Structure formats: structure tokens, C-alpha cells
Amino acid sequence: MNFLMPKQMKPQYFIELEEYQKFLRSGNLQVAWRYLERAHIIGQYHPISHFAIHFRMLIFAIRVRDRSAFLDQILGLRVEWFGSIFNRIFFGNKGGANGNL
């Protein structure tokens with residue numbers, strides 16, 4: 001089990017989150033979403049960061065009023081983090097329902 005992200009992965013994970021915040025503040029939602037996806041790919045094998053990304057994706061879906069993405073993130077918050085505990089994750093999964101945000 002790998003609850004915590006290794007130290008060597010954390011800097012890039014946090015860079016992706018900082019870029020997400022920057023583009024979110026500037027109103028460039030499509031690019032902001034791409035940085036969330038990138039953070040998801042980095043953090044998806046670690047339950048804490050995986051849950052945190054799906055929570056951010058849920059808030060993003062609410063912000064852009066995307067019902068499909070909202071429902072997908074509810075599902076992600078409920079079950080996908082569990083897969084990361086046992087390394088049962090699709091490699092490269094971006095975390096979104098359809099990737100069209």
C-alpha cells in the first residue's frame with residue numbers, strides 16, 4: 001500500500017496544481033483542466049493525492065456547471081481512491097469522464 005506520494009514526485013505534483021490555480025484565476029478553464037489532469041496522472045497511485053485531485057475536479061465541474069463531470073467526480077471520490085490503495089489504476093488515466101472540459 002502506498003498512501004503517501006514519494007518525495008521525488010511531490011514537486012511536479014505541486015507545480016501542476018500551481019499552474020492549475022494560475023490558469024483558473026485567469027479564466028482559461030480549458031488549460032486549467034489540463035493541469036488538473038496532469039496532477040491526477042502523477043497522484044493517482046497514492047490515495048490521499050488521488051482523493052484530493054478528484055475533489056478539485058468536483059469543484060471544477062461545479063464551477064463550469066458540467067453535470068456529467070460532476071457525476072463522474074462523485075463516483076471518483078467514492079471508489080477510485082480505493083483502487084489506488086491496491087495499485088488497480090488504469091495507467092495514464094486523466095481522471096475526467098470524457099476529457100472535454
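If you're wondering where the values come from, they're calculated on a predicted model, not measured in any experiment. The basis for the numbers below is simple: all heavy atoms, side chains too, and nothing from hydrogens, waters or symmetry mates.
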Quick one: are [X] and [Y] in side-chain contact, heavy atoms under 4.5 Å?
X: R63; Y: L24; result: yes
X: M57; Y: W33; result: yes
X: F60; Y: L29; result: yes

Any residue meeting side chain to side chain donor-acceptor pair (under 3.5 Å) with Q21, in chain and number order, not counting sequence neighbours: none
Common cluster, Y45/I15, ILVMFWY with side-chain heavy-atom separation under 4.5 Å: no
F55 reachable from I74 in the ILVMFWY side-chain graph, under 4.5 Å edges: yes
Could you report the tightest heavy-atom contact between [X] and [Y], atom names first, then the distance?
X: G43; Y: S49; value: O-OG, 2.9 Å
X: L17; Y: L36; value: CD2-CD2, 4.4 Å
X: Y20; Y: R56; value: OH-O, 4.3 Å

Look up atom [atom1] in [X] and atom [atom2] in [Y], then write down how far apart they are to the nearest 0.5 Å.
X: E37; Y: Q44; atom1: CD; atom2: CD; result: 11.5 Å
X: M9; Y: K7; atom1: CE; atom2: NZ; result: 15.0 Å
X: H54; Y: I59; atom1: NE2; atom2: CD1; result: 14.0 Å
X: L71; Y: L58; atom1: CG; atom2: CG; result: 9.5 Å

is_close_aromatic(H46, H50), centroid dist under 6.0 Å: no
